[in-house]
> 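I have a structure here, written as C-alpha cells, and I will follow up with some questions on it.
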There are 2 protein chains.
Amino acid sequence: MASSLSTEEKIKAAAKQVFISKGFSGCTSRELAKASGMNVALVNYYFRSKNKLFQLIFQTVMEEFFESMVSVFSSDLPLKEKLKFLIEREYAFLSKHPEIPRFIINELSRKDTDLIELTHVLPVIYNTGVIEQAIEAQKKGEMRRVDMVGITLLVVSNCQYPFMAKPLIKNLHNLSDEQYNHHIELHKGMVSEMIIGYLFPTEIKNELK
Amino acid sequence: MASSLSTEEKIKAAAKQVFISKGFSGCTSRELAKASGMNVALVNYYFRSKNKLFQLIFQTVMEEFFESMVSVFSSDLPLKEKLKFLIEREYAFLSKHPEIPRFIINELSRKDTDLIELTHVLPVIYNTGVIEQAIEAQKKGEMRRVDMVGITLLVVSNCQYPFMAKPLIKNLHNLSDEQYNHHIELHKGMVSEMIIGYLFPTEIKNELK
DNA sequence: TATTGTTTTAAACAATTGTTTAAATTAAGT
DNA sequence: ACTTAATTTAAACAATTGTTTAAAACAATA
C-alpha cells in the first residue's frame, strides 16, 4: 500500500481524487477523511478547512493541466508538428486524467469560488515564441489567419470534450467502456488531421479568409 | 412579473434555473424555494422531494437538449446542408442555454444518479434517414468514411465546448464577456467550415481513409 | 525516565441539511 | 353560510454538515 506516504500526503492524494470526481460541493469532510483512511479532525489539523484543502488541490491540478501544454509549445519543432504533437500529448494526458477538464471547468464556473488567476499562463506560452512562429506562417500564406483564442478553442474542444462527454456519448450510442475508448483513439487521429487540414490548407490560397 | 404562473410552475421554472447553474448537490431545498419566492414545505408539497423535482427537471432539460438536433436531421436537405444547419442550430440553442451541456454532462457523471435512458434518442435520429444519406454519400466517395459516433463527437465537441469552457478561456485569455461572445460567433463559422471541409474534401479521393 | 512537542483520536459544537407536521388560510361546491 | 378540499405557512424533526475541543497516544530529546 501507499502507507509509505506521510499522513498529510495521504490526505492530499485521496482528497485530490475525491474532489476531482465529485467536485467541492459533491463531497463532505468525512468523505475526504475516510478516503484517505483518516478522520475529520486530522484533515482539518493539516489543512485547516475543507475549503483550504480544496484551494490547495485546485491549484496543483491547474498546474498539471497546463504543464504539458506549455512544454509542447516550447519544443523545437515546426509549427505544424508542434500542433500535432500538442494534440497527441493532450490525448495522452486526458487518457490518464479524463476527469480533470470537467473538474476545472466546473469549479471555475462556481460563482462563489475564489477566482484563480490564470493570466500568468498565457505569457508563458507567448514567451515560447510560438506566436511569432504562427504570425510568420500566416504572412507566408501557409497558415490560415486564426487568432490565438480560435486555435485554443479548436484544439481543446476536440481534445477535452470527448473525455468530458464520455457518459453522455456512451449512453447515447449504447457503447461499452472499451468501445468508447476505442472511438476516442480513432478520434484522436481524425481531430489531428482535421485541425491541421483546416489551419494549413494544401492549396495555397493568396487570401486565406 | 411571472405571477400569472401557478405556484407549481413557478417552482419548476426557478428550480430549473438553479439546478442548471449550480447542479443537484450545489444547491439546497431552501435555495430552490427562495428562488421561486416560496418556502421549503411548498416545494415538497408539489414535488415530494428535492430528488424527485430534480429528476423531473433533468428529464425536460434532456428533451430540450436533443429536440433541435433531431429536428435538423429530419429536415429535407442534402447532407452537407443538414450539417451546416445543425451547427447553426446548435450554436443558436447554446447561445440561449449556455449552461445546459455542462449541467447534463455533470449530472450524467454522478455515480449516484438514477441512470437516465437515452437510447431512445438514437433510433429517432436513425429514422430520419440521415444515416442512409451518409452511407450513400460515402459510397459515392463524396464523404469521408466516419461513423456516427465520430460525426457526433466532431459536431458536439466544437459546438458545446466553447460554451462550457467560457470561464476557463475567458480567464486564460483575459477577455470580457462581449469579447468572448464575439469569439464564439467567429468560431461558429470556423467550425462549420472545418468540419464540412474535413468530411467532404474537395479533391475527390478514390480511397478516403 | 521524565519532559518536551507532535500527531491522532473520540466526542462535541452550532449550523445547515432534506423532510414532515400540524395548524392556518384560501378556494370551491353545496 | 357551511362543508369540504386544496393550498400555504411556520415550526419542528432527525440527520448531516464543517469545524473545534480536549484528552490520549506517540515520538524525540534531555
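A note on names: the letters A, B, ... follow the listed sequences, proteins ahead of strands, and every chain is numbered from 1.
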> Between A:Thr152 (side chain only) and A:Met148 (backbone N and O only), is there a donor and an acceptor less than 3.5 Å apart?
yes

> Got a sec? Which of residues 29-38 of chain B come in under 4.0 Å of DNA chain D, heavy atoms?
B:Arg30

> Do B:Leu154 and B:Leu199 have side chains that approach each other closer than 4.5 Å (heavy atoms only, starting at C-beta)?
yes

> May I ask you to decide if B:Ala33's main-chain N or O and B:Ser36's side chain share a donor-acceptor pair within less than 3.5 Å?
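Yes; at least one donor-acceptor contact below 3.5 Å.
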
> Rounded to the nearest angstrom, tell me the gap between atom NZ in A:Lys50 and atom P in D:dT17.
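Between P of D:dT17 and NZ of A:Lys50: 9 Å.
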
> CG of B:Leu42 versus C1' of D:dT7: gap in Å, rounded?
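In whole Å, D:dT7 C1' and B:Leu42 CG are 7 Å from each other.
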
> Report yes if a side-chain nitrogen or oxygen of B:Thr7 is closer than 4.0 Å to either non-bridging phosphate oxygen (OP1 or OP2) of D:dT8; otherwise report no.
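Looking at the OP1 and OP2 atoms of D:dT8, one of them is under 4.0 Å from a side-chain N or O of B:Thr7.
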
> Is B:Tyr45 near enough to D:dT9 that one of its side-chain N or O atoms lies under 4.0 angstrom from OP1 or OP2?
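Negative; the distance criterion is not met.
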
> What is the separation between atom NZ on A:Lys10 and atom P on C:dT7, rounded to the nearest whole Å?
14 Å

> How close or far is atom C1' of C:dT17 from atom CZ of B:Phe24, stated in whole angstroms?
11 Å

> Of A:Phe85, A:Tyr91, A:Phe93, which is the lone residue that meets side-chain contact (heavy atoms from CB on, under 4.5 Å) with A:Arg89?
A:Phe85

> Of all the choices, D:dT7, C:dT7, C:dT19, which nucleotide is nearest to the side chain of B:Tyr46 once you look at every atom?
D:dT7

> Among D:dT19, C:dT20, D:dT20, which is the nearest nucleotide to the side chain of A:Ala41?
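So the side chain of A:Ala41 is nearest to D:dT20.
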
> Let's see if you can work this out: which of D:dT19, C:dG18, C:dT9 has an atom nearest to the side-chain heavy atoms of A:Val40?
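Comparing D:dT19, C:dG18, C:dT9 against the side chain of A:Val40, the answer is D:dT19.
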
> Give the rounded distance in Å between these two atoms: CG of A:Asn44 and P of C:dA12.
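In whole Å, C:dA12 P lies 19 Å from A:Asn44 CG.
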
> Tell me if a side-chain donor or acceptor on A:Gln179 pairs with a main-chain N or O of A:Ser176 at a distance below 3.5 Å.
yes

> When A:Phe103 is tested against each of A:Phe19, A:Phe24, A:Phe58 for ring pair (Phe, Tyr, Trp, His ring centres under 6.0 Å), which residue passes?
A:Phe58

> Rounded to the nearest Å, what distance is computed from the CG atom of residue A:Leu53 to the C1' atom of nucleotide D:dT19?
14 Å

